[in-house]
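A, B, ... follow the sequence lines: proteins, then strands. Residue 1 opens every chain.
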Amino acid sequence: MTQENTAAIEPSWLTSLNPEQYEAVKTTDGALLVLSGAGTGKTSVLVARMAYILSSELARPWNCMAVTFTNRAAKEMGERLEAMIGSAADDVWFGTFHKICVKILRRHAGLLGFESNFTIIDTDDQLRLIKRIMIEEGLDAKEHPAQGAHSIIERWKDKGLAPDKVSFSQVSEYAAGKTLTIYKKYQDRLRSINAMDFGDLLLHCLTLFTKNQEVLAKYQNQFRYILVDEYQDTNVSQYLWLRLLAGKHKNICCVGDDDQSIYSWRGAEIENILRFEKDFAGAKTIRLERNYRSTGHILGAASGLISHNNERLGKTLRVASADVGDGEPVQVRGLYDAKEEARTVINEIENLYRTGSSLSQIAILVRAGFQMREFEEKLVSESVSYRVIGGPRFYERMEIRDAMAYLRLVVQSSDDLAFERIINKPKRGLGDATVSKVRELAGKLGFSMLMAAERIVETDELKPKPRNTLRGFVEDFSRWKAYLDDIPSSELVAMVLEESGYLDMWRKDKAPDAAGRVENLKELVSSIEEKFESLPEFLEHVSLVMENDESPDGDKITLMTLHAAKGLEFDAVFLTGWEEGLIPHNKAVEENGTKAIEEERRLAHVGITRARKRVFISFAANRCIFGNWQNSLPSRFVEELPSEHININSASGLYGSSTTEKSGTWSWSGGGKWKNTKTQQNKKDIWKIKTSKGEIPTGSRIFHQKFGYGKVMEADGDKLEIAFEKAGRKKIKASFVEKV
DNA sequence: CGTATATATCTTTTT
DNA sequence: GATATATACG
């Protein structure tokens, strides 16, 4: 077969690739690392590679696996592949690590001592359980917060360490050295309630493979080609899992960028990607460095910054096409405080908008969530429409989690966590005393709490009042269970929420957000109606797909954290709060030293490389954090930007910054310094007066953090009745709203 | 058992 | 400054 022949029949998705991309697609045998810098067409390569493998019949669809970190990425890949090769794409194993593990675990749950309908619990439940165990171990919850033990256990799980694998040297001093005991008990308890946490999904899968050779062999034979996205974000567990699965055919292709590794605090090990060539014998590395996204100045600034890192494989982004040019230098601006930063950024955005930019192509990126408030306030007062990515998520809301607990208990009586969560919601008069007695009996009999409750109501253990209430509670559940296979799940859910009194609890609640919660519960019911056949299927979806895929409706600015921005791109990007202590973040540096600085630098690098045409970097001399004012210096990353790619544009004047090209050091002019405590105090007082003073007469237009704009209809002291434009009429304290 | 006040805590958060 | 928990009281 000659080159000409092949070329002649090659489809456009192959011929449109550049030489490196093409090579990455065609190198199908053995281990391959595709080091793909930001904006170098990584997804196209992944999809083209899969399409190539399938269309040249190297393997059947079910012999291929493509594993990602987000459902969004998996979905995009699947859709693009289907567009290329049609319905054959349906049988490829697409999904997140967790999703694929669940698929495997459900088939073999028995081998691990679980039932195949195990529940997947989230952080909230994990903490409850760990806390409970710590109390049983006689540890004071105040002295040893459950979070501490939780994060140690999580890290063990990330490293692929089951309790019996944790070596003595890894046992920390935390919780009086009892963390390993806690870990063991925690795992036992999870098994007894037939539940797994996120870490377990990988950990148990690993155990399954190592203890059952025939199961491992089955999957090793099945997966002839394995594709991994965002390899720099894998943890040890995931790495071991991949190695096992690729053990037979050894065709594993990992795509990633060491310069975009920003999740070490979640257990990701950048070493995995740095070590790739040693881990997989005969591995090949292909670098994608042609950037199709940004201008020369933006790439120059990003490259210059990231070159300060030592722990990296090294690659240099360059503009893919000569037509792009250098564009505008990166704008750097020092401001007085966060208010002025917000004002300046939004002014700049208004300029862009006037010169024809679309708002949807503009993003404001922050390091930490608290920075968002300032921008939101300003955006609202200027009536610029915006959306926040990564805000509070639908399934994490209290009312949704409560509703889910009801459903979990209907599906699985053994779910004690769900039982404890809703036993007294709404208030039934079943408090700690009753719950303890049920829990005690459950422990004694080895029953679930719901089963123990069924028993205890037949005894005189409880006083008549709680006994009867509990009997009603138990009967409710057996009634709902009986309906499980008979009526559509959305109807059952509606029935449970209604009959349990949970919905009524919120309907009667006078709190301003109660109405919204009722709405959310209704939305929950209708989303089940639309999308899901069975209740268990729905429960699994919720635990695995925590994201809310907001449709990008309307022309809006995007506001989000740097972490949330990874993988996205915009024409113009505003990188805010570039101050020492914020980026690099103090807390990160305290915990992890130099390693953290490098990760923070990568975070900054991710931020810059989101932009196609324009980057604005800003920093403020003064910032109010947790209620007190702090003054700070510009981030070291500002100084690390190569001067030929940036343009320092600080307002010359009282509060601006000045820089000397020669020395390259920054200093604040007099007015920017706030060393004097008296001045700080004054500043605070002024702020207080401003917020408490505002008298709001009826008829005025106001703004509320949660409900948006509204009109004051009636005033009763500090309580206002407000007709919101979107959220309806609500009674709100005057201090919660702002006059506009 | 439920409610009202006090106090600690506050980085990021793909699943 | 705002929020979620822990304690004291009714």
Side-chain angles (χ1 to χ4, degrees), chain A residues 67-74 95-102 120-124 126-127 131 140-142 145-147 151 154 157-158 196-202 229-230 232-235 237-238 260 262-268 365-373 389-393 395-396 398 424 426-435 463 465-466 469 540-547 560-568 577 581-592 596 599-600 602-603 606-607 624-629 684 687-688 691-692 705 735-736:
Chain A
V67 56
T68 61
F69 277 87
T70 63
N71 290 295
R72 190 183 77 198
T96 61
F97 279 98
H98 301 266
K99 190 171 181 182
I100 292 176
C101 284
V102 170
I120 302 158
I121 65 163
D122 63 12
T123 322
D124 204 70
Q126 292 179 54
L127 282 169
K131 200 166 172 184
D140 181 31
K142 235 179 176 173
Q147 262 100 345
S151 63
E154 287 258 279
K157 290 190 175 180
D158 289 340
M196 299 186 189
D197 65 22
F198 281 120
D200 283 340
L201 297 177
L202 270 129
D229 190 20
E230 308 276 21
Q232 76 284 351
D233 290 335
T234 51
N235 61 29
S237 252
Q238 289 157 339
Q260 293 188 63
I262 55 175
Y263 281 104
S264 75
W265 48 273
R266 290 292 260 104
L365 306 189
V366 297
R367 171 68 242 263
F370 73 85
Q371 291 173 258
M372 287 193 191
R373 221 190 91 191
I389 293 194
R393 286 182 268 192
Y395 293 119
E396 276 172 11
M398 190 216 310
N424 205 25
K427 298 218 170 19
R428 300 181 170 91
L430 300 171
D432 279 347
T434 313
V435 175
K463 294 197 180 91
K465 211 173 145 198
T469 319
E540 174 171 320
H541 174 85
V542 172
S543 24
L544 248 30
V545 186
M546 291 294 280
E547 66 204 21
M560 65 189 145
T561 64
L562 285 163
H563 283 89
K566 195 173 74 157
L568 304 177
L582 231 192
I583 182 164
H585 202 286
N586 269 343
K587 208 123 190 177
V589 181
E590 276 164 30
E591 278 168 25
N592 280 317
E599 178 147 325
E600 297 284 308
R602 291 193 288 270
L603 200 47
V606 165
C624 184
I625 298 176
F626 307 139
N628 45 33
W629 284 88
K684 223 174 172 176
W687 200 83
K688 271 198 178 141
T691 43
S692 60
Q705 283 282 109
S735 54
F736 287 175

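- Judged by distance alone, with hydrogens and angles left aside, A:Arg367 brings no side-chain donor or acceptor close enough to the base of B:dT11 to form a pair under 3.5 Å.
- In the set B:dT14, B:dT11, B:dT13, the nucleotide with an atom closest to the side chain of A:Thr561 is B:dT13.
- Checked against B:dT15, B:dT12, B:dT14, the side chain of A:His98 finds its nearest nucleotide in B:dT15.
- Taking a pair as Watson-Crick or G-U wobble with both distances under 3.5 Å, the runs of three or more consecutive pairs in DNA chain C are B:1-10 with C:1-10.
- Of all heavy-atom pairs between A:Leu430 and A:Pro466, the closest is CD2-O, 3.6 Å.
- Contacts of A:Lys99 classified as salt bridge (Lys or Arg N to Asp or Glu O under 4.0 Å), with partners at least two apart in sequence or in another chain: none.
- Close to B:dT15, at under 4.0 Å from its OP1 or OP2, lies no side-chain N or O of A:Asn235.
- Not one N or O on the side chain of A:Asp197 forms a donor-acceptor pair closer than 3.5 Å with the backbone of A:Asp122.
- To the nearest angstrom, P of C:dT3 lies 16 Å from CZ of A:Phe370.
- Aromatic stacking is marked for A:Trp265 over B:dT12, as both cut-offs hold: 5.5 Å for the centres and 30° for the planes.
- In terms of position along DNA chain B, the nucleotide closest to A:Val435 lies nearer the 5' end than the nucleotide closest to the other residue of the pair A:Glu230 and A:Val435.
- The shortest distance between the side-chain N/O atoms of A:Thr123 and the OP1/OP2 oxygens of B:dT13 is not below 4.0 Å.
- Look at A:Lys157 and A:Glu154 and you find no salt bridge, because none of the NZ, NE, NH1 or NH2 atoms lies under 4.0 Å from a carboxylate O.
- In this structure, the nucleotide among B:dT13, B:dT11, C:dT5 sitting nearest to the side chain of A:Glu600 is B:dT11.
- For A:Leu544, whose side chain is taken as the heavy atoms from C-beta onward, the closest listed nucleotide among B:dT15, B:dT11, B:dT13 is B:dT15.
- Between A:Lys463 and the phosphate of B:dC1, there is no side-chain N or O to OP1/OP2 separation shorter than 4.0 Å.
- Closest approach to the A:His585 side chain among B:dT14, B:dT11, B:dT15 is made by B:dT11 (side chain taken as heavy atoms from C-beta onward).
- Nearest nucleotide to the A:Ala433 side chain, out of B:dT15, B:dT12, B:dC1: B:dC1.
- Of the listed nucleotides (B:dT14, B:dT12, B:dT11), B:dT14 has the atom at the smallest distance from the side chain of A:Arg266.
- For the pair A:Gln238 CD and B:dT14 P, the interatomic distance rounds to 15 Å; values are reported in whole Å.
- In this view, A:Tyr263 and A:Trp265, A:His563 satisfy the ring pair (Phe, Tyr, Trp, His ring centres under 6.0 Å) rule, not counting sequence neighbours.
- Contact check, A:Asn586 against B:dT11: no side-chain N or O comes under 4.0 Å of OP1 or OP2.
- Nearest heavy atoms, A:Asn424 versus A:Gly429: OD1-N, 3.3 Å.
- Side-chain proximity of A:Lys427 to B:dT11, B:dG2, B:dT15: nearest is B:dG2.
- Minimum heavy-atom separation, A:Asn71 to A:Leu544: ND2-O, 3.3 Å.
- For A:Asp233, the side-chain atoms get nearest to B:dT14 when compared with the rest of C:dA6, B:dT14, B:dT15.
- A:Ile389 contributes atom CD1, which lies 9.5 Å from atom OG1 of A:Thr561 (distance to the nearest 0.5 angstrom).
- Comparing C:dA6, B:dT12, B:dT15 by their closest approach to the side chain of A:Asn71 singles out B:dT15.
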